[in-house]
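Working notes, beginning with the structure itself.
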Amino acid sequence: MSQASEPKKGPVLVLLGGTGDLARRMLLPSLFHLEADGLLPDGLRIYGVARDGQSPDTYRTNVRAALELREKTIEEDAWKRFIARVDYFSGDVTKPEGAKALADAIGGHSELYIYFSVSPSIYPKACESLAGAGLIRENTRLVLEKPIGRDLESSKALNCAVAKVATEEQIFRIDHYLGKETVQNLIALRFANIAFEPLWTNHTIDHVQITVAETEGVGDRWPYYNEYGALRDMLQNHMIQLLCLVAMEPPADLDPDSVRAEKVKVLKALRPMSRATVSQEVVLGQYTSGVSDGKSVTGYLDEVGKPTDTETFIALRCFIDNWRWAGTPFFLRTGKRLPERRTQIVIQFKPLPHSIFSNSANADMVANRLVIDLQPQEDISLVLMNQRPGLAQEGMRLQPMPLSLSLAKAYSGHGGRRRIAYERLLLDVFRGDRTLFVHRNEVEEAWAWVDGVAEAWQQAGLKPKNYAAGTSGPAGVHALIERSGHQWHD
Ligand code: NDP
Ligand code: BG6
């Protein structure tokens, strides 16, 4: 006699776009790591969703292949537990019948997490169909990938479409930079230490540099990238989030609303750019062919196959017009096909108001600098002046020395593996903690400022200048910072 199957229950994660690039490279490996660490919710079932009609068994084989691509070894016990949770559903979630069939496949459940790892252009229709199929209820959380729009108007339209089916508390907008350990360390550095707070102002800080340099080109992603460019792909989200964490006032607590309120104040205080100032404040670039990581690579125009003014590099100087930061420039730069991969924040302190040392000692003097390396290596170092040991005719000599936290070394005993940023974020989705997620107000304020920058450069007729792949950006990038009497920290 066949036994009636147990009714399905427990939490469910629906991974829309479960066969896509992001799911294969980041999300499924992150979920697997959470499994290995015993951090997935009890009884969680995971449904990969796409439209290609593959069988659940083929999907499971593909998940294994995706893991093997990035893992040195796969812990087989964890794999068995993990894959037992994984299923696949083939269907179009923008269609009511597709969403209904998905709801039938999932059956009964407690919490439902729907991760939108699909193009944002389908969010509105997918939300409508999923809600129509009864899949968006009070116990549902929606995880949205960037980009949330291409400008303020489209961002508002997207946010409104999602808000029709879910409250802001149910929405988790991902900016994966907020899941990086060192970015969270920035919060700890600023708000778990009293030492920096009195110095964290325009009185002592000369300027701030934020660099996100990549060696990769745009490659197959050009259809998406060509619509967005460096300003909208990187600066509007990841870099502005870093800027907010550096510049915001201490929040009263780590409650998502408290943190968001402080970030929004920074965004509102960002000085708008105008047609008159933009050519002094912004440098745009586009890579041509060159040598990257020792290999000859093609230029952006060859990848796209048609003329385009999309920027693959942007550097800009901006100001935050409030008491803490008035007059302190923030220099932001990001680009593809640069000489090295590096994400770094530099807090450059002011020079001494007066030196008591001799001329020869003064010759070695540099102003203090706090360097926060996010990737590839994770490190926080404070450059301090030190007495150089030994005797010299001229008397006391000085030298700059880094006081370094060397995070990789300090935590080498903690598993030794660098976490994927998405692990932290997925765990927080399951825990319902929205502190590291982006509120609608932040997205829209960021777009409002970014729209102003793009509009100003269009009015001024600014075009990207060429730079050869493997070089550090177009002509003008050094002049941008030198005009203020500074230099890039390279
Ligand atoms: P891909 O194009 O690689 O994958 C898209 C996925 O969505 C595929 O699995 C596709 O499968 C599925 N899909 C498309 N339409 C539907 C539909 N109507 N119903 C069900 N499934 C559908 O995109 P990415 O993985 O690169 O990106 C996904 C999201 O993540 C995007 O929002 C992107 O901007 C964002 N993102 C991606 C990053 C990355 O590194 N890839 C980085 C940061 C953000 P099928 O066509 O078979 O249906
Ligand atoms: C994504 C951008 O959001 O971030 C990509 O769309 C970029 O263009 C990527 O390459 C960089 O992320 P990371 O974590 O590799 O610095």
Side-chain angles (χ1 to χ4, degrees), residues 14-30 47-54 58-59 62-63 66 88-99 101-102 114-130 143-150 158 173-183 210-242 310-314 334-338 341-344 373-376 378 418-422 425 438:
V14 169
L15 199 49
L16 302 180
T19 60
D21 176 72
L22 185 69
R24 282 181 283 115
R25 282 191 311 110
M26 300 288 171
L27 304 179
L28 290 159
S30 297
Y47 282 83
V49 176
R51 297 165 301 179
D52 64 2
Q54 62 183 274
T58 306
Y59 185 64
N62 292 338
V63 171
Y88 177 74
F89 172 84
S90 182
D92 185 344
V93 289
T94 61
K95 305 242 165 71
E97 57 279 15
L102 173 64
I114 307 181
Y115 197 120
F116 286 70
S117 183
V118 286
S119 161
S121 61
I122 71 171
Y123 291 1
K125 281 209 153 157
C127 280
E128 202 182 317
S129 306
L130 293 166
V143 188
L144 305 184
E145 262 300 338
K146 64 159 270 256
I148 307 286
R150 192 187 170 275
L158 237 163
R173 291 181 196 81
I174 293 252
D175 184 309
H176 77 275
Y177 267 54
L178 296 180
K180 291 182 191 270
E181 298 268 10
T182 336
V183 175
I210 304 180
T211 298
V212 182
E214 298 184 273
T215 50
E216 294 87 9
V218 172
D220 293 345
R221 284 181 80 216
W222 73 261
Y224 152 77
Y225 192 89
N226 203 41
E227 283 289 298
Y228 285 79
L231 175 73
R232 295 178 174 89
D233 180 53
M234 292 296 288
L235 199 134
Q236 188 273 343
N237 36 76
H238 307 322
M239 298 192 76
I240 282 198
Q241 283 296 328
L242 297 180
T310 298
E311 78 288 355
T312 60
F313 177 99
I314 181 168
T334 184
K336 305 271 185 202
R337 286 280 184 237
L338 296 178
R341 172 170 163 80
R342 179 156 53 102
T343 301
Q344 189 179 64
D373 283 304
L374 279 80
Q375 52 192 27
E378 299 182 328
R418 255 178 95 170
R419 293 206 166 271
I420 308 173
Y422 285 91
L425 299 173
V438 186

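We count ligands from 1, going down the list as the structure has it; atoms in each ligand are counted the same way.
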- Pick one of side chain, backbone, both or neither for how Arg341 approaches ligand 2, counting any non-hydrogen atom pair under 4.0 Å. side chain

- Query: Quick one: does ligand 2 sit under 4.0 Å from the side chain of Tyr225, the backbone, both or neither, non-hydrogen atoms only?
  - Reply: neither

- Message: Set out, in order, the CA-CA distance, both residues' side-chain angles and the distance that settles side-chain hydrogen bond (donor to acceptor under 3.5 Å, both in side chains) for Tyr224 and Asp233, then state yes or no.
- Response: CA-CA 9 Å; Tyr224 152 77; Asp233 180 53; 2.5 Å; yes

- Between His238 and Asp175, is any pair of side-chain heavy atoms under 4.5 Å apart? yes

- Item | Option with minimal heavy-atom separation from atom 33 (C) of ligand 1, where the choices are Arg221, Lys146, Lys125, Glu145 | Lys146

- Message: A side-chain contact here means heavy atoms from C-beta on lying under 4.5 Å apart; do Phe116 and Cys127 qualify?
- Response: yes

- By number and element, which atoms of ligand 1 are closer than 4.0 Å to a non-hydrogen atom of Asp52? 47 (O)

- Message: Is the shortest side-chain heavy-atom distance between Met26 and His176 below 4.5 Å?
- Response: no

- Relative to the heavy atoms of Ile122, which atoms of ligand 1 are at a distance of less than 4.0 Å? 15 (N), 16 (C), 17 (C), 18 (N)

- Polar-atom distance check: Thr343 versus ligand 2, any N or O pair below 3.5 Å? no

- Just going by heavy-atom distances, which of Arg51, His238, Lys95 is nearest to atom 22 (C) of ligand 1? Arg51

- Could you list which atoms of ligand 1 come closer than 4.0 Å to a heavy atom of Thr94? 18 (N)

- Numbered in order shown, the ligand 1 atoms found under 4.0 Å of a heavy atom of Gly91 are 19 (N), 20 (C)

- Query: Taking Gln375 for the side chain and Thr343 for the main chain, is one N or O donor matched with an acceptor at less than 3.5 Å?
  - Reply: no

- Give the single entry among Arg221, Arg232, His238 that approaches atom 5 (C) of ligand 2 most closely by any heavy atom. Arg221

- What is the minimum heavy-atom distance between Leu235 and Ile314, and which atoms define it? CD1-CG2, 4.0 Å

- Heavy-atom distances under 4.0 Å are what count here, so tell me which part of Glu214 touches ligand 2: side chain, backbone, both or neither. side chain

- Message: Any heavy atom of Gly98 closer to ligand 1 than 4.0 angstrom?
- Response: no

- If you scan protein heavy atoms around atom 16 (O) of ligand 2, the nearest is Tyr177 OH, 2.5 Å

- Number the atoms of ligand 1 from 1 as they appear, then name those within less than 4.0 Å of a heavy atom of Leu22, with their elements. 24 (P), 25 (O), 30 (O), 38 (C), 39 (C), 41 (N)

- What are the atoms of ligand 1, with element, lying closer than 4.0 Å to any heavy atom of Thr19? 8 (C), 9 (O), 11 (O)

- Where ligand 1 meets Val93 - atom numbers and elements under 4.0 angstrom, heavy-atom basis: 19 (N), 20 (C)

- Check ligand 1 against Pro147 and write out every atom of the ligand that is under 4.0 Å from a heavy-atom position of the residue. 34 (O)

- Could you tell me if any non-hydrogen atom of Arg25 lies under 4.0 Å from any atom of ligand 1? yes

- Message: Can you tell me if Leu16 contacts ligand 1 (heavy atom of the residue under 4.0 Å from the ligand)?
- Response: no

